[in-house]
**Student:** 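Sharing a structure below in structure tokens format, with a few things to ask.
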There are 2 protein chains.
Amino acid sequence: MERIVRKYRGKGFKLTPQRIAILKFLEGNTNHPTAEDIYTEIKKKYPTVSFATVYNTVQALRDRGELLEITIDPERKHFDPNPSAHHHIMCTGCGKIGDVFFDYSMSLGLPEEVTREFAVTGNHIDFYGICTSCREKTS
Amino acid sequence: MERIVRKYRGKGFKLTPQRIAILKFLEGNTNHPTAEDIYTEIKKKYPTVSFATVYNTVQALRDRGELLEITIDPERKHFDPNPSAHHHIMCTGCGKIGDVFFDYSMSLGLPEEVTREFAVTGNHIDFYGICTSCREKTS
DNA sequence: TACTATAATAGAATTATTCCAAGATAGTAA
DNA sequence: TTACTATCTTGGAATAATTCTATTATAGTA
Ligand SMILES: [Mn+2]
Ligand SMILES: [Mn+2]
Ligand SMILES: [Zn+2]
Ligand SMILES: [Zn+2]
């Protein structure tokens, strides 16, 4: 909370109660929530909060580089309050998304026919797998 | 066409004219079309074709492992008639998607804290970059 | 304390995708 | 061939995610 105020004050980002609630929910959150996850959570404290506010806020944070949009799930977007370069793994059973903190860039050289056409600027790896609790269910 | 008929006949996949047109459009297509791209193309020859048919057909093909769904573009799904394991690169200027045929699996070992939680089954790399024609425009 | 640029809200609009019920037809078997 | 039926196609409605809009509220500042 202190940290949040310090971080955003005087940067043209108004700290409204709804935004503070969203920032608190996101801070340190490694669950990669969807817009609906955020909405549902904030609604507990602010029953009149709207989806527009959630989307506006995540967009503002994305524009400031404070949050990433994750595409690993074909069904919907997930958001990640950790903007540092890292990768993800999704359980194909339950959809749970985990972090993969390892820098693979060194190993990701591209074939010449690709670099001829594209100036590469970044990469992101989607891993797929089965999480522990899903494995228990099936066995 | 011959090849197509041979491939699907007697496999419980009815070869209707619309499906044949979709299969022809997809065969060897490396453009990673969206559902709308497919629909627009098929509509030229079959003006009454419906989106439902396009979606039904790509689903049927996906279920048979003949086609992949690509998630690199946060806006919409793209389809890939090449089901072999490969990766993609998208131009952040125009959205063009290219193929990356290189097997990186050897270099993609996962940290122990991830393998403890997930039994890994696959991976897919999204690369980002700027394509030639987008670079020309900006310069 | 007052002002104003910015944000919150409800609800409509848009877009992508799926569902549905009715009518057609591909493939098979007689 | 012909007839049958499981599967397919279609238009349009339904759903779900996301964005837009007009109005009202308010955070930050002077
Ligand atoms: Mn993450
Ligand atoms: Mn491809
Ligand atoms: Zn799971
Ligand atoms: Zn481009």
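Bear in mind the structure is a predicted one, so any value in this text is a computation, not a measurement. Naming: A, B, ... by sequence-line order, numbering from 1 per chain.
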**Student:** Rounded to the nearest angstrom, tell me the gap between atom NZ in B:K43 and atom P in D:dT9.
**Tutor:** 15 Å
**Student:** Can you tell me if A:T53 touches the phosphate of C:dT9, counting only side-chain N or O atoms and a distance under 4.0 Å to OP1 or OP2?
**Tutor:** yes
**Student:** Under 4.5 Å between side-chain heavy atoms, counting indirect links through other Ile/Leu/Val/Met/Phe/Trp/Tyr residues: same cluster for B:Y128 and A:F127 or not?
**Tutor:** no
**Student:** Look at the side-chain N and O atoms of B:Q18 and state whether any lies under 4.0 Å from the OP1 or OP2 oxygen of C:dT25.
**Tutor:** no
**Student:** In whole angstrom, give the distance that lies between atom OH of B:Y39 and atom P of C:dT15.
**Tutor:** 15 Å
**Student:** Which pairs, with at least one residue in residues 91-101 of chain B and sequence neighbours excluded, count as a salt bridge (charged side-chain N to carboxylate O under 4.0 Å, His left out)?
**Tutor:** A:E117-B:K96
**Student:** Scan side-chain atoms only and decide if B:T34 and B:D37 contain a donor-acceptor pair under the 3.5 Å cut-off.
**Tutor:** yes
**Student:** For the pair A:R76 (side chain) and A:A35 (backbone), establish whether a donor and an acceptor sit closer than 3.5 Å, ignoring hydrogens and angles.
**Tutor:** no
**Student:** For B:P47 and for B:G12, locate the closest nucleotide of DNA chain D by heavy-atom distance; then report the residue assigned to the nucleotide nearer the 5' terminus.
**Tutor:** B:G12
**Student:** In a check of side chain to side chain donor-acceptor pair (under 3.5 Å) between B:H124 and each of B:H86, B:H88, B:H87, which one passes?
**Tutor:** B:H88
**Student:** When the distance from CZ of B:R19 to P of C:dA24 is rounded to whole Å, what number comes out?
**Tutor:** 19 Å
**Student:** To the nearest Å, how far apart are B:I38 CD1 and D:dT9 C1'?
**Tutor:** 16 Å
**Student:** For a side-chain contact (heavy atoms from CB on, under 4.5 Å) check, start with the C-alpha distance between A:H32 and A:F79, then their side-chain angles and the critical distance, and finish with the verdict.
**Tutor:** CA-CA 5 Å; A:H32 307 93; A:F79 300 97; over 6 Å; no
**Student:** At under 4.0 Å between heavy atoms, which parts of nucleotides 15-30 of chain D does protein reach? Answer with one letter per nucleotide, 5' to 3': B base, S sugar-phosphate only, - none.
**Tutor:** --SSBB------BS--
**Student:** What is the distance from OH of A:Y8 to P of C:dT6, rounded to the nearest Å?
**Tutor:** 18 Å
**Student:** What is the distance, rounded to the nearest whole Å, between atom CG of B:D37 and atom P of C:dT15?
**Tutor:** 16 Å
**Student:** Answer yes or no on whether B:R64 is positioned over the face of B:F13, meaning its NZ or CZ is under 6.0 Å from the six-membered ring centre and within 45° of the axis.
**Tutor:** no
**Student:** Quick check: closest heavy atoms across A:Y46 and A:A21, and the distance to 0.1 Å?
**Tutor:** CE1-CB, 3.8 Å
**Student:** Indicate, with a heavy-atom threshold strictly under 4.0 Å, whether B:T48 touches base, sugar-phosphate, or nothing.
**Tutor:** sugar-phosphate
**Student:** Which whole-number value in Å describes the distance from B:H78 NE2 to C:dA16 C1'?
**Tutor:** 12 Å
**Student:** Hey, mind stepping through A:R116 and A:E112 against salt bridge (Lys or Arg N to Asp or Glu O under 4.0 Å) and telling me if it holds?
**Tutor:** CA-CA 6 Å; A:R116 195 162 46 218; A:E112 186 256 340; 2.7 Å; yes
**Student:** To the nearest 10°, let me know how far the axis at one end of the helix from C:dT1-D:dA30 to C:dA30-D:dT1 is tilted from the axis at the other, five pairs an end.
**Tutor:** 30°
